[in-house]
Amino acid sequence: MKVYKVSNVEVVLLQGDITDVEADAIVNAANQYLEHGGGVARAIVRKGGEVIQLESREWVRRYGPVPVGGVAVTSAGNLKARYVIHAVGPVYGDPEGDAKLASAVRNSLAKAEELGLESIALPAISTGVFGYPIRRAASIMAEVLKKYSYRSLRKILVVLYTGEAYKEFESVFDEVLGKRSP
Ligand code: AR6
């Protein structure tokens, strides 16, 4: 675990399963149709319950597919969180991918602020099934976290599943957000 400070917000980098983390909202790495078939999405539905998938389908039925870079919200079922914020990242290779990945992160923060939340947990959106290189995703996320104008948020947990991803994020976050021990 490693803690960084951005204005008056704590950014906590940790390795683990995002479904085990305590935060007001957990961000899911979703697709535009909110069909949670693999990766983090699948883990969230498995642990949180089918209600998350059902509410997701209802969201898409009502508003249509989520744009790439956009977000949708559902309840969190049995998870410790109050909400799941479903963020749709780009597939690697999209020429506008970097901007869309930055939007996905920014819109996740904005949704949490809109809900008046104090804490949010983010996975490495787009770095699994969607193929984004970890280092590139880390630097995009770090830049967004650094520049964001925070209101209600006080704590941001960035949760990496593998040790390898954790190390890459740590080296990028050290560079962009500055070194600080836990
Ligand atoms: N906790 C934290 N991180 C995790 C977990 C977990 N339980 N499981 C995997 N990761 P991915 P994407 C990491 O594929 O690339 C799904 O099918 C994983 O190691 O979940 O945005 C959706 O339904 C990787 O670093 O998301 C979409 O169709 C990161 O989470 C599509 O995949 C993201 O991997 C979205 O692809």
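Order of appearance sets the numbers: ligands from 1, and atoms from 1 within every ligand.
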Worksheet item: Just distances here: any N/O of V129 and N/O of ligand 1 closer than 3.5 Å?
Response: yes
Discussion item. Treating E118 as the side-chain partner and L153 as the backbone partner, does any N or O pair qualify as donor plus acceptor under 3.5 Å?
Written reply: no
Fill in: Residues K146, E143; criterion salt bridge (Lys or Arg N to Asp or Glu O under 4.0 Å); working and verdict
CA-CA 5 Å; K146 189 178 174 178; E143 291 295 340; 5.3 Å; no
Worksheet item: Between the candidates V91, V40, T127, L122, which shows the shortest non-hydrogen contact distance to atom 30 (O) of ligand 1?
Response: V40
Worksheet item: Evaluating non-hydrogen atoms only, which member of A124, G39, S56 is closest to atom 33 (C) of ligand 1?
Response: A124
Discussion item. When you measure from the heavy atoms of A165 to every atom of ligand 1, does any distance fall below 4.0 Å?
Written reply: no
Item to complete: Among all protein heavy atoms, pick the one closest to atom 28 (O) of ligand 1 and tell me residue, atom and distance.
Response: N31 ND2, 2.9 Å
Discussion item. So E168 and P133, do their side chains get closer than 4.5 Å, heavy atoms only?
Written reply: no
Fill in: Close-contact set for ligand 1 against G37 heavy atoms, below 4.0 Å
23 (O)
Item to complete: Any atoms of ligand 1 less than 4.0 Å from a non-hydrogen atom of A29? List them with their elements.
Response: 21 (O), 22 (C), 26 (O), 35 (C)
Worksheet item: Hey, is atom 18 (C) of ligand 1 touched by any protein heavy atom at less than 4.0 Å?
Response: no
Fill in: Donor-acceptor pair between D94 and Y132 side chains, under 3.5 angstrom
no
Fill in: Enclosure of E22 CD (heavy-atom neighbours >12, cutoff 6.0 Å)
no
Discussion item. Applying the side chain to side chain contact (heavy atoms under 4.5 Å, CB included) criterion to V71, which one of V105, I85, L109 satisfies it?
Written reply: I85
Response to the item:
Counting from 1 in the order shown, the ligand 1 atoms closer than 4.0 Å to a non-hydrogen atom of G38 are 16 (C), 17 (O)
Worksheet item: Does any N or O atom in H36 lie less than 3.5 angstrom from one in ligand 1, N or O only?
Response: no
Fill in: Over all atoms of both residues, closest heavy-atom pair of I156 and L145
CD1-CD2, 4.1 Å
Fill in: Proximal ligand 1 atoms for D17, defined as those under 4.0 Å from one of its heavy atoms
1 (N), 6 (C), 7 (N)
Discussion item. Between E164 and K167, does any NZ, NE, NH1 or NH2 come within less than 4.0 Å of an OD or OE carboxylate oxygen?
Written reply: no
Worksheet item: Do the side chain of D24 and the main chain of S119 share a donor and acceptor less than 3.5 angstrom apart?
Response: yes
Fill in: ligand 1 contact by G89, heavy-atom criterion under 4.0 angstrom
no
Item to complete: Determine yes or no for a side-chain-to-main-chain donor-acceptor pair under 3.5 angstrom, with S126 supplying the side chain and P90 the backbone.
Response: yes
Worksheet item: What do we get for E35 next to ligand 1 when only non-hydrogen atoms under 4.0 Å count, side chain, backbone, both or neither?
Response: backbone
Fill in: From the candidates Y132, F130, Y161, the one that places a heavy atom nearest atom 31 (C) of ligand 1
F130
Worksheet item: Which heavy atom of the protein is the closest neighbour of atom 21 (O) of ligand 1, given with residue, atom name and distance?
Response: S126 N, 2.8 Å
Worksheet item: Does at least one non-hydrogen atom of T162 fall below 4.0 angstrom from an atom of ligand 1?
Response: no
Worksheet item: Which of the numbered atoms in ligand 1 are below 4.0 angstrom from a heavy atom of G128?
Response: 11 (P), 14 (O), 15 (O), 24 (C), 33 (C), 34 (O)
Worksheet entry | Nearest non-hydrogen protein atom, atom 1 (N) of ligand 1 | I18 N, 2.9 Å
Discussion item. Tell me whether K155 at atom NZ has more than 12 heavy atoms from other residues, nucleotides or ligands lying less than 6.0 Å away.
Written reply: no
